[in-house]
Amino acid sequence: TITVKEVRAKGHPKPYFVGYVVNAEHTVALEEASKEGLSVMELATVCILSITTSGQIIYANRSTVDKFQYSSAGDLIGSNIKKLMPPQIAKKHDDYLKQYLVTGHKNVIDATRIVSAMRRDGSTFRGQISVREVVVSGIEKQYIGYVKDVSDVLAVREQGLLSEAL
């Protein structure tokens, strides 16, 4: 792509023309890779979400929609991620995000944790989460994470511990 702009400088009767060339192949390749990445995330069997630094959901794959009992990703996109948390966790989440932006101290980012997650009907499950910070287009930070239901694994583990204690 070639772009040319006319520039008029004070004191000069004739305009200047400034131009630049952008390699469109690179841009197209990035767009295609992005589409392929989204296709892969849609096929994932774990919940994958992306949120803004203020907690707004900007992406939710099909597994997320199904696990949290929503009809479509549109039911989640634009909502705060707190929608998927029990109230006792949700009420603190915005402060956690703000604190991280100020201090840079990572409590959840780049770690794996077990947390309570809440479905649309209010029921909860134990989820293993992992969150990463990414920078999109060199400007905008986002958080991408997964949620994997580990309720059954934890129940089996607890049952085994209980059996050992008896």
Side-chain angles (χ1 to χ4, degrees), residues 1 3 5 18 20 22-24 26-155 157-158:
T1 305
T3 304
K5 301 226 176 191
V18 177
Y20 59 92
V22 175
N23 183 349
H26 180 67
T27 302
V28 170
L30 284 175
E31 288 174 359
E32 288 176 8
S34 177
K35 288 177 188 172
E36 288 175 19
L38 286 177
S39 296
V40 169
M41 290 194 303
E42 280 302 311
L43 294 172
T45 58
V46 296
C47 304
I48 300 174
L49 297 118
S50 181
I51 65 170
T52 63
T53 56
S54 62
Q56 182 182 29
I57 299 170
I58 53 178
Y59 174 79
N61 72 345
R62 185 76 224 165
S63 291
T64 303
V65 172
D66 294 344
K67 184 62 170 168
F68 287 91
Q69 302 175 336
Y70 286 88
S71 301
S72 71
D75 294 334
L76 295 168
I77 294 172
S79 300
N80 193 295
I81 190 74
K82 297 185 298 187
K83 184 176 195 170
L84 305 178
M85 302 173 192
Q88 67 273 21
I89 298 170
K91 69 181 178 182
K92 299 175 185 176
H93 195 261
D94 286 342
D95 289 336
Y96 294 151
L97 289 172
K98 288 176 191 171
Q99 183 179 2
Y100 171 69
L101 288 173
V102 170
T103 67
H105 180 72
K106 297 177 180 181
N107 289 318
V108 174
I109 295 172
D110 295 336
T112 301
R113 303 183 131 192
I114 305 291
V115 299
S116 289
M118 187 175 71
R119 296 181 188 92
R120 184 177 195 164
D121 68 2
S123 63
T124 60
F125 66 93
R126 301 295 287 162
Q128 178 184 53
I129 65 167
S130 183
V131 179
R132 299 291 181 261
E133 180 178 37
V134 295
V135 178
V136 178
S137 301
I139 302 170
E140 182 183 349
K141 284 184 185 178
Q142 293 178 3
Y143 306 113
I144 296 177
Y146 76 80
V147 181
K148 180 179 177 184
D149 187 344
V150 292
S151 301
D152 292 341
V153 173
L154 293 176
R157 186 181 301 162
E158 289 171 6

For this session: Would you name the heavy atoms of Ala60 and Ile57 that are closest together and state the gap between them?
Result: CB-CG2, 4.5 Å
For this session: Go through Asp75 and Val65 one step at a time and tell me if the side-chain contact (heavy atoms from CB on, under 4.5 Å) criterion holds.
Result: CA-CA 8 Å; Asp75 294 334; Val65 172; 6.0 Å; no
Exercise. Rounded to the nearest 0.5 Å, how far apart are OH of Tyr96 and CG of Leu101?
Worked result: 15.0 Å
Problem set entry | Stepwise side-chain contact (heavy atoms from CB on, under 4.5 Å) check, Asp149 with Lys67 | CA-CA 9 Å; Asp149 187 344; Lys67 184 62 170 168; 2.6 Å; yes
Exercise. Should Arg132 and Asp110 be marked as a side-chain contact (heavy atoms from CB on, under 4.5 Å) after you check the CA-CA gap, both sets of side-chain angles, and the distance that decides it?
Worked result: CA-CA 5 Å; Arg132 299 291 181 261; Asp110 295 336; 3.2 Å; yes
Exercise. Considering residues, nucleotides and ligands other than Lys148, do more than 12 of their heavy atoms fall under 6.0 Å from its NZ?
Worked result: no
Exercise. Any donor-acceptor pair under 3.5 Å linking the side chain of Thr103 with the backbone of Gln99?
Worked result: yes
Exercise. Looking only at heavy atoms, what is the nearest atom pair of Ala90 and Lys82, with distance?
Worked result: O-CD, 2.9 Å
Exercise. Only one of Leu49, Val115, Val131 clears side-chain contact (heavy atoms from CB on, under 4.5 Å) with Val147; which?
Worked result: Leu49
Problem set entry | Main-chain N/O of Lys92 paired with Asp95 side-chain donor or acceptor, under 3.5 Å | no
Exercise. Any idea which heavy atoms bring Gln69 and Arg120 closest together, and the distance?
Worked result: O-CD, 3.4 Å
Exercise. Is there side-chain contact between Ser63 and Val46, with heavy atoms separated by less than 4.5 Å?
Worked result: no
For this session: Assess the side chains of Arg126 and Ser116: does a donor N or O sit below 3.5 Å from an acceptor N or O?
Result: yes
Problem set entry | Student check: side-chain heavy atoms of Tyr143 and Leu97 closer than 4.5 Å | yes
Seminar exercise, completed: Separation between NE2 (His93) and NZ (Lys83), nearest 0.5 Å, reads 15.5 Å
For this session: State the CD1-OG distance between Ile58 and Ser79, to the nearest 0.5 angstrom.
Result: 13.0 Å
For this session: Kindly give the heavy-atom pair with the smallest separation between Ser72 and Arg62, and that separation in Å.
Result: CA-NH1, 4.5 Å
For this session: Starting at OG1 of Thr45, measure out to OH of Tyr146 and round the result to the nearest 0.5 Å.
Result: 11.5 Å
Exercise. Looking only at heavy atoms, what is the nearest atom pair of Cys47 and Asn61, with distance?
Worked result: CA-OD1, 3.6 Å
Problem set entry | Rounded distance [0.5 Å steps], CD1 in Ile81 versus OG in Ser54 | 11.5 Å
Exercise. Would you say the side-chain atoms of Asn107 pair up with the backbone N or O of Tyr100, donor to acceptor, closer than 3.5 Å?
Worked result: no
Problem set entry | Stepwise side-chain contact (heavy atoms from CB on, under 4.5 Å) test for Ile114 and Gln128 | CA-CA 4 Å; Ile114 305 291; Gln128 178 184 53; 3.8 Å; yes
For this session: Keeping the roles fixed (side chain from Thr64, backbone from Ile48), state whether a donor-acceptor pair exists under 3.5 Å.
Result: yes
Exercise. How close do Thr124 and Pro86 get, heavy atom to heavy atom, and via which atoms?
Worked result: CG2-CG, 4.0 Å
Exercise. Nearest 0.5 Å, what's the CZ-CG distance between Phe68 and Leu84?
Worked result: 4.5 Å
